[in-house]
Amino acid sequence: MSGTLAKIAEIEAEMARTQKNKATAHHLGLLKARLAKLRRELITPKGGGGGGPGEGFYVAKTGDARIGFVGFPSVGKSTLLSNLSGVYSEVAAYEFTTLTTVPGVIRYKGAKIQLLDLPGIIEGAKDGKGRGRQVIAVKIIENELEGFGIRLNSKPPNIGFKKKDKGGINLTATCPQSELDAETVKSILAEYKIHNADVTLRSDATADDLIDVVEGNRVYIPCIYVLNKIDQISIEELDIIYKVPHCVPISAHHRWNFDDLLEKIWDYLKLVRIYTKPKGQLPDYTSPVVLPYSRTTVEDFCMKIHKNLIKEFKYALVWGLSVKHNPQKVGKDHTLEDEDVIQIVKK
């Protein structure tokens with residue numbers, strides 16, 4: 001590991017002293033590709049030795065969604081978990097009180113949401129320091145998570161990438177590029193021993209974007225920055241904090257502003273609640289079937305209840321925003337919207 005860390009430090013130092021301009025873009029792209037490969041090696045070590053990725057930190061997924069509390073030690077994550085969900089996670093005013101993942105569950109707007117209090121990260125976790133490999137480990141935390149391939153509040157790059165057997169590197173750009181050219185793209189792909197591929201740049205992409213697509217293991221997730229201990233700052237400072245994107249100021253100890261936090265969590269999760277209506281009965285508004293926003297067809301709804309239900313499916317009656325008439329007869333491909341009511345008719 002020390003050899004890999006030395007190489008990472010060497011490349012980072014070279015990148016820091018290299019002036020960023022069009023003439024150096026090719027060289028910087030190559031260095032970034034090498035850095036990405038070394039970091040991947042660091043966090044996914046070979047062999048069956050102890051301390052592998054995630055050892056001892058696995059928590060079975062329950063509920064409709066899960067949220068992880070990531071942050072430095074002793075910033076109030078355990079207090080927040082305790083006061084939101086009633087689960088006790090040891091709290092103290094010194095570093096690394098929480099040494100394993102502590103799960104809790106809250107119910108909000110009919111959804112069951114799992115909360116995970118993760119051990120505090122330290123700067124350098126992405127480089128294998130501390131317990132970083134196990135943990136995942138406002139700018140330092142972002143940089144640490146970036147090093148693990150986690151992209152916060154961003155979408156996957158709009159880049160088409162397809163390997164092929166022959167024909168070399170075929171680069172197509174559908175819009176002007178400020179950083180990537182044919183030479184830079186070829187050098188980055190050569191670092192991955194890729195010499196035949198079709199690459200389509202559909203937006204003004206960076207070398208980092210191309211590397212993310214080639215690596216293929218990046219995770220794009222929504223993130224809320226929870227700024228704790230607002231009881232210790234002035235009103236003027238609080239006004240400034242409120243203007244920061246993706247931020248919610250709270251006091252975990254005094255339970256201040258929890259309503260805003262829960263509402264923001266709900267917005268970012270983008271969950272869709274579907275109410276069931278048995279034939280001849282009123283809809284059940286107490287226990288919705290909760291679906292992720294990316295999978296909200298009638299077929300997805302059926303699969304969430306039981307995989308055999310779709311085999312017996314004939315049609316569905318739907319009331320709500322997704323239909324023009326109430327009720328409306330729909331098929332399995334119909335897309336449902338939040339708080340629709342559905343009745344399944346079997347064959």
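Side-chain atoms are counted along with the backbone in the values below, which use heavy atoms only and exclude waters and symmetry mates.
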Output yes when a side-chain donor or acceptor of [X] lies under 3.5 Å from a complementary backbone atom of [Y], and no otherwise.
X	Y	result
Gln343	Val318	no
Gln328	His325	yes
Asn257	Pro249	yes
Glu237	Gln232	no
Thr174	Leu201	yes
Asn228	Val75	yes
Asp117	Leu81	no
Arg151	Glu146	yes
Asp333	Thr297	no
Lys77	Phe72	yes

Given side chains that start at C-beta, do those of [X] and [Y] come closer than 4.5 Å, heavy atoms only?
X	Y	result
Asp340	Tyr275	no
Pro288	Ile274	no
Lys270	Pro292	no
Val330	Val298	yes
Glu236	Leu238	no
Val105	Ser85	no
Phe313	Lys347	no
Val290	Val272	no

Inset, instruction - Examine Lys329 relative to Tyr315 and say whether NZ or CZ is less than 6.0 Å from the centre of the six-membered ring and inside a 45° cone about the ring axis. - result: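 Yes, Lys329 lies over the aromatic ring of Tyr315.
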Value rounded to 0.5 Å, distance of [atom1] in [X] from [atom2] in [Y]:
X	Y	atom1	atom2	value
Ile224	Tyr268	CD1	OH	6.0 Å
Ser294	Asp300	OG	CG	8.0 Å
Asp165	His195	CG	NE2	14.0 Å
Leu227	Tyr242	CG	OH	10.5 Å
Leu80	Leu115	CG	CG	7.5 Å
Glu41	Ile8	CD	CD1	8.5 Å

Look at [X] together with [Y] and state whether they make a salt bridge at an N to O cut-off of under 4.0 Å.
X	Y	answer
Asp284	Lys277	no
Asp338	Arg273	yes
Lys112	Asp64	no

Do [X] and [Y] sit in one hydrophobic cluster, given that two such residues count as connected whenever their side-chain heavy atoms are within less than 4.5 Å of each other, even indirectly?
X	Y	result
Leu28	Leu180	no
Ile169	Leu210	yes
Leu269	Leu291	no
Phe69	Leu262	yes

Other residues, nucleotides and ligands only: do more than 12 of their heavy atoms fall within 6.0 Å of [atom1] on [X]?
X	atom1	result
His253	NE2	no
Asn326	CG	yes
Lys37	NZ	yes
Arg295	CZ	no
Lys264	NZ	yes

Legend entry - side chain to side chain contact (heavy atoms under 4.5 Å, CB included) partners of His27, counting only residues at least two apart: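 Checked His27 against side chain to side chain contact (heavy atoms under 4.5 Å, CB included); matches are Glu14, Thr18, Leu31.
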Inset, instruction - Scan Asp209, Asp212, Asp208 and name whichever one has a salt bridge (charged side-chain N to carboxylate O under 4.0 Å, His left out) with Arg218. - result: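 By the salt bridge (charged side-chain N to carboxylate O under 4.0 Å, His left out) criterion, Arg218 pairs with just one of Asp209, Asp212, Asp208: Asp212.
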Inset, instruction - Begin with the C-alpha distance, continue with both residues' side-chain angles, and end with the deciding distance and a verdict on salt bridge (Lys or Arg N to Asp or Glu O under 4.0 Å) for Arg39 and Glu215. - result: CA-CA 11 Å; Arg39 283 187 173 154; Glu215 284 279 342; over 6 Å; no
Inset, instruction - Could you walk me through whether Phe301 and Val289 pass the side chain to side chain contact (heavy atoms under 4.5 Å, CB included) test, one step at a time? - result: CA-CA 7 Å; Phe301 169 84; Val289 175; 3.7 Å; yes
Inset, instruction - Return the minimal non-hydrogen interatomic distance between Tyr192 and Ala33, and the atom names on each side. - result: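 In this case the closest contact between Tyr192 and Ala33 is OH-O, 3.7 Å.
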Inset, instruction - Check the pair Tyr108 / Glu263 against side chain to side chain donor-acceptor pair (under 3.5 Å), numbers first and verdict last. - result: CA-CA 9 Å; Tyr108 189 69; Glu263 193 58 41; 2.9 Å; yes
Pairs of donor and acceptor atoms involving the side chains of residues 305-312, under 3.5 Å and at least two apart or interchain, shall be tabulated with distances.
unit_1: His306; atom_1: ND1; unit_2: Asn308; atom_2: N; d: 3.0
unit_1: Asn308; atom_1: OD1; unit_2: Lys311; atom_2: NZ; d: 3.3
unit_1: Glu312; atom_1: OE1; unit_2: Lys346; atom_2: NZ; d: 3.4

Going by atom type alone, with no hydrogens or angles, which donor-acceptor pairs under 3.5 Å involve a side-chain atom of residues 152-161 and a protein atom two or more places apart or on another chain?
unit_1: Asn153; atom_1: OD1; unit_2: Cys223; atom_2: N; d: 2.7
unit_1: Asn153; atom_1: ND2; unit_2: Cys223; atom_2: O; d: 3.0

Legend entry - From CA spacing to verdict: side chain to side chain contact (heavy atoms under 4.5 Å, CB included), Val199, Leu189: CA-CA 10 Å; Val199 180; Leu189 295 180; 4.0 Å; yes
Inset, instruction - Test side chain to side chain contact (heavy atoms under 4.5 Å, CB included) on Lys32 and Thr206 and set out the steps. - result: CA-CA 11 Å; Lys32 286 177 178 179; Thr206 64; 5.8 Å; no
Inset, instruction - Output, in order, the C-alpha distance, side-chain angles, deciding distance and verdict of side chain to side chain contact (heavy atoms under 4.5 Å, CB included) for His334 and Ser322. - result: CA-CA 8 Å; His334 176 77; Ser322 71; 2.9 Å; yes
